[in-house]
Amino acid sequence: MTVIKFKPYTLSNYKKLPQIARLSKEQRFTIEVVGHVFPFKTNNYVVENLIDWDRAPDDPMYRLTFPQKGMLLTNHFDEMAEVLTNSSPRESIAETANKIRWQLNPHPAGQLEYNQPKFEDYHLQGVQHKYKETVLFFPSQGQLCHAFCSFCFRWPQFVGIEKLKISAGEVEPLIDYVRANKEITDILITGGDPLVMSAGRLRQHIEPVLNANIPHLATIRIGTKSLSYWPYRFVNDHDTDSLLRLFEEVPKRGKQLAIMAHFNHPKELSTDIVKDAIKRIRESGAQIRTQAPMLKHINDDSDTWVAMLREQVRLNMIPYYMFIVRDTGAQHHFGVPLVKAMEIYKDVFRRLPGLARTIRGPSMSFTHGKAQVMDIMERGGKKVIMLQLLQGRNPDWALRPFFAEYDEEAIWIDQLKPVDGKEKFFFEE
Ligand SMILES: *Cc1c(COP(=O)(O)O)cnc(C)c1O
Ligand code: SF4
């Protein structure tokens, strides 16, 4: 099969795309202004197969890929527009961009500070262990991604204002740690996108784990956007065969391999190549579980989710998480109010076959755990939002319901107030 050449596009070369000429002058200026604060990254597959250029700039895949005016607050947009229009020196453009970036909460949820485990006397680099069963591994060569989503907590790494604090070179310390902690059943290899690594590099991380033969380890998960944004990886890329051989070895050696695939819109499931890629991954013996944030302007309606989840199940994947956009970056642009997300989730759930109801309702990962919005209900004659923790810093917190005052605007848990005039939710006490 012919290998399709990968061509990345970023702020520095996107103007070469003939499609860009079809955008209005104002749209092109928007890309420049916003793209200087939130850089973007895409490739020839996304541009040619997923974006409907007849509908751009209103096409959802265009909105997901290229900078949008609303991703910056009006004052930030104007400030950035001004330095660019005045052809200011390079340094003052960079300075303005950085000043704006620091106002966009580049360090949500104290990711690292709280969750970096220790083994014997040393801190494990590139490892995060927050919930008993699952340890996260961030291999340093897997910190790139096929996109630079401005709602992703990794955006500060992509713009270079945060160092790759959470990246690891070697897998051996992790193996020692997992071997010593018998409650760990899952290693989640994450990034960025670990499948941007060559098959050979990935093997250097996975093979030693298999060789270690740790009885309590059940599953290796790999979080990825490649299935959606570069499905050739699994069909006819330069090292596809080695990658699929590696996948096959995992179940053969008695462990599960779970590909945690990020899909935002049914369009991403529509091409022949992505269907072929899914089939090949499944034939290797790996499972595919899907997850996505609910994004305003992209998928904040029931029909889009119903179509996407039905298609996922039809294509042999298992829906897993519906996330709430985190409190960082362009949250003000993409965030959906919790109440609205809950209404959409309910409607979606009721229209799905049982096999697609494996999707977990609106969930947010924050400092104390992973909270899921459960319902909007009446309590003592007042409307309230019911939530629960799916995972907690303390494992005993899981499934304990808690209540917040009804708030139609709130888009993140820190905007919610506990009921009955309490100061704190139980997990903050
Ligand atoms: C979601 C998450 C996990 C995995 O939790 P599961 O419920 O097992 O999917 C692990 N670590 C962190 C930090 C997470 O946010
Ligand atoms: S890891 Fe996922 S959310 Fe983050 S930039 Fe990559 S594709 Fe986007």
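Each ligand, and each atom within it, is numbered from 1 in the order the structure gives. Since we're looking at a predicted model, the values are computed, not measured.
Atom 4 (Fe) of ligand 2 has Cys152 SG as its protein N, O or S neighbours under 2.8 Å.
Looking at residues two or more places apart in sequence or on another chain, you find a side chain to side chain contact (heavy atoms under 4.5 Å, CB included) between Asp54 and Arg22, Asp52. Applying the side chain to side chain contact (heavy atoms under 4.5 Å, CB included) rule to Ile376 yields the partners Val339, Met342, Ile385, Tyr406; only residues at least two apart in sequence or on another chain are considered.
One N or O on the side chain of Arg101 and one on the backbone of Val37 form a donor-acceptor pair closer than 3.5 Å.
Each of the atoms 15 (O) of ligand 1 lies under 4.0 Å from some heavy atom of Ser365. Against a heavy-atom cut-off of under 4.0 Å, Tyr320 is close to the following atoms of ligand 1: 6 (P), 7 (O), 8 (O), 9 (O). Set against the non-hydrogen atoms of Gln128, the atoms of ligand 1 under 4.0 Å away are 13 (C).
Residue contacts with ligand 1, taken as heavy atom pairs separated by less than 4.0 Å, involve Gln391 solely via side-chain atoms from C-beta onward. At a 4.0 Å heavy-atom cut-off, ligand 1 touches Leu136 through the side chain alone.
The pair Arg314-Glu311 meets the salt-bridge criterion, since a charged nitrogen lies less than 4.0 angstrom from a carboxylate oxygen. Salt-bridge check for Glu248 with Arg245: passed, with a basic side-chain N closer than 4.0 Å to an acidic carboxylate O. Under a 4.0 Å N-O distance rule, the pair Asp176/Arg179 qualifies as a salt bridge.
For the pair Lys69 and Phe77, the cation-pi test (distance below 6.0 Å, angle within 45°) is passed.
For ligand 1, none of its N or O atoms has an N or O atom of Tyr131 under 3.5 Å away. Backbone and side-chain nitrogen or oxygen atoms of Arg221 are examined, and one is located within less than 3.5 angstrom of a nitrogen or oxygen of ligand 1. Looking at Tyr321 next to ligand 1, an N or O pair under 3.5 Å apart turns up.
Leu390 does not count as a contact of ligand 1, since none of its heavy atoms falls under 4.0 Å from the ligand.
Summarising the local packing, CZ of Arg201 is surrounded by 12 or fewer heavy atoms from other residues, nucleotides or ligands at distances under 6.0 Å.
Note on residues 186-197: pairs passing salt bridge (charged side-chain N to carboxylate O under 4.0 Å, His left out), not counting sequence neighbours, are Asp186-Arg221.
Between Gly192 and Arg154 the shortest heavy-atom distance is N-NE, 3.1 Å.
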